[in-house]
Amino acid sequence: MSVRVRFAPSPTGFLHIGGLRTALYNYLFARHHGGTFVLRIEDTDQNRYVEGAEEDIIKSLEWAGMTIDEGPNKPGDVGPYRQSERKTMYAEYAKQLVDGGHAYYAFDTTEEIDEMRERLKKSGNPSPSYDSITRQSMKNSLTLPQDEVEKRLENGDEYVIRLKVPRRETVKFEDLVRGIVSFETGGLDDQVLMKSDGMPTYHLANVVDDHTMGITHVIRGEEWLSSAPKHMLLYNAFGWEPPTMAHLPLIMSPSGGKLSKRKAESEGIPVNTKDYISGNYEPEALVNFLAYLGWSPGDDSEIHDMKELCELFALDRVSKGGAVFNHKKLMWYNEHYIRETSVSELVPRIKALAEAQGFDTKDEEYLTKVIELLHERVSKIDEFVSMGSFFFEAPKEYDENALKKWKEDSAGFVKAYESKIEALSESDFIAANLKSALEETVAENEVGFGKVMMPVRIVTTGQGFGPDLFASLELIGKEETLSRIDSALKQLT
RNA sequence: GCCGCGUUCGUCUAGGGGUCCAGGACGCCGCCCUUUCACGGCGGUAGCACGGGUUCAAAUCCCGUACGCGGUACCA
């Protein structure tokens, strides 16, 4: 049987970075086995639905380089791919469960359930739940006379359908990441399967869908492990073969705990995939980084593109413990992928970024040279623009830190240097000559190289660091260089 | 509280009884290269949570403890 996996996010917001990794592992697994990657939208909670979330999910997956084989945007044979559109199916299956004695109607109001919880708490039960014991004293089709149940149903009284969890049973299953996992049903509650609004809960919907969509492997986050036994009970009740399970370790925040929006952002980690897109991260870097966050191929390799990851990926090599998100390592990957990208590929991307900020990037030849000079020193491609803005326009202000190196004698050295390069013809205004002019200035004044170079750098670029100064000046050109020196001298002296 | 899952350098991990006084990567530190910065090269720092077993031999198997994380909804 060929592998079919699904990524099943709920459209309650922007795609979380942890969700993206779950999707990635599903995708890699599918591709590794020549299987199918399905996107299913789990929108059974109408209260939490967020407009535009589905588009964000699809856009994010595409940006990361994952191709959806079947999904709401690309229907296959087992659609629809949004749970809200499969509503009638769930009701039928729930009825089937009730008829088979595996589920029952419950008419209790929220208040009545709260009361029950309060009462049990008082009598010493620290975590009361609607379960095989308490259901006996509640209003449901197990306790109410048959005719009253029918009457309530006919009257259109509000009801839910609950799973009738067996009293004492052990649910055991094999998880591809964790091995054998087992639970006692005594600790499970009679989970609601159908809500009073007619929508199924996640538990029912995911089981029905995974089965009817032919899903062979359920690969999801560890937060689902606790409800997995309920799902196994459901497969059993339906008489279906359950898919193979694999629960992934969670991505943790550096300060501990699940990587939540609040935590992550206070630690400088973007949580939503869209923030990586708008933040100009390299998708290849994020994918490589995420793949290694909780998985490793077992050798000493670190760098793999999507194609290689697909070849290497195996669920039994996924680690069990949670993995802390290390933003510095992500940046290392990002730098790596930028260096791997050819200058010609970079040109259009940086042109767009720079122009969006109102810079004139001149011609392509010029931009190419700018990129060559900065290629080895940026961490993210937007730094080509921020670090290289002086290539596009004269500095508007001088970096505060750099100015610390501006001393009493700096202006004099800059003037001395200026008079030397002023003498250079346009065609002689090249890096080698600009460098020897500086060396001469240094020698004539009997000072260190930096005493002259740093001030020149500051007045021409506004910064105390950057690409090779002489190559930069050559690119900026004689006229512009001299004009920058003059206007800086006016401001700084 | 209860249930479940986990625990190898600061972080991500390799390791699945002897070849491990534990290997790689990020970070950090130092040196070299560069008369700036960065890149690159070389080197260094640092870890098997704890306690019991099993065994000739345990990071690797078993039990317990501690700690961490997840779940405990008519949310997913």
(message) Please check this pair: side chain of A:Glu345 against backbone of A:Thr341, looking for a donor-acceptor N/O pair closer than 3.5 Å.
(response)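 No.
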
(request) Say whether, by atom type as modelled, one donor and one acceptor occur between the side chain of A:Tyr25 and the main chain of A:Ala291 under 3.5 angstrom. (result) yes

Base, sugar-phosphate, or nothing for [X], non-hydrogen atoms under 4.0 angstrom?
X: A:Tyr202; answer: base
X: A:Ser296; answer: sugar-phosphate
X: A:Arg220; answer: nothing
X: A:Gly186; answer: nothing
X: A:Gly257; answer: sugar-phosphate

Watson-Crick/G-U partner (both atom distances under 3.5 Å) of [N]:
N: B:C39; answer: none
N: B:C67; answer: B:G6
N: B:A46; answer: none
N: B:C21; answer: none
N: B:A59; answer: none
N: B:C33; answer: none
N: B:A73; answer: none

(message) Does A:Ser226 contact B:G70 through a side-chain donor or acceptor facing the base, at a distance under 3.5 Å?
(response) yes

(message) Any donor-acceptor pair, under 3.5 Å, between the side chain of A:Arg48 and the base of B:C75, if you only look at N and O atoms?
(response)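 Indeed there is one.
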
(request) Report yes if the ring of A:Trp332 lies under 5.5 Å from the six-membered base ring of B:C26 with planes under 30°, and no otherwise. (result) no

(message) Can you tell me how the ring of A:Tyr202 sits relative to the ring of A:Trp224, calling it parallel under 30°, perpendicular over 60° and tilted otherwise?
(response) parallel

(request) Check the angle between the aromatic planes of A:His203 and A:His231 and answer parallel, tilted or perpendicular using the 30° and 60° thresholds. (result) tilted

What's the gap between [N] and [M] when it is taken at their [atom1] atoms, as a whole Å value?
N: B:G10; M: B:A57; atom1: P; answer: 30 Å
N: B:U45; M: B:G52; atom1: P; answer: 30 Å
N: B:C33; M: B:A49; atom1: P; answer: 42 Å

(message) How about NZ on A:Lys405, more than 12 heavy atoms from neighbouring residues, nucleotides or ligands closer than 6.0 Å, or not?
(response) no

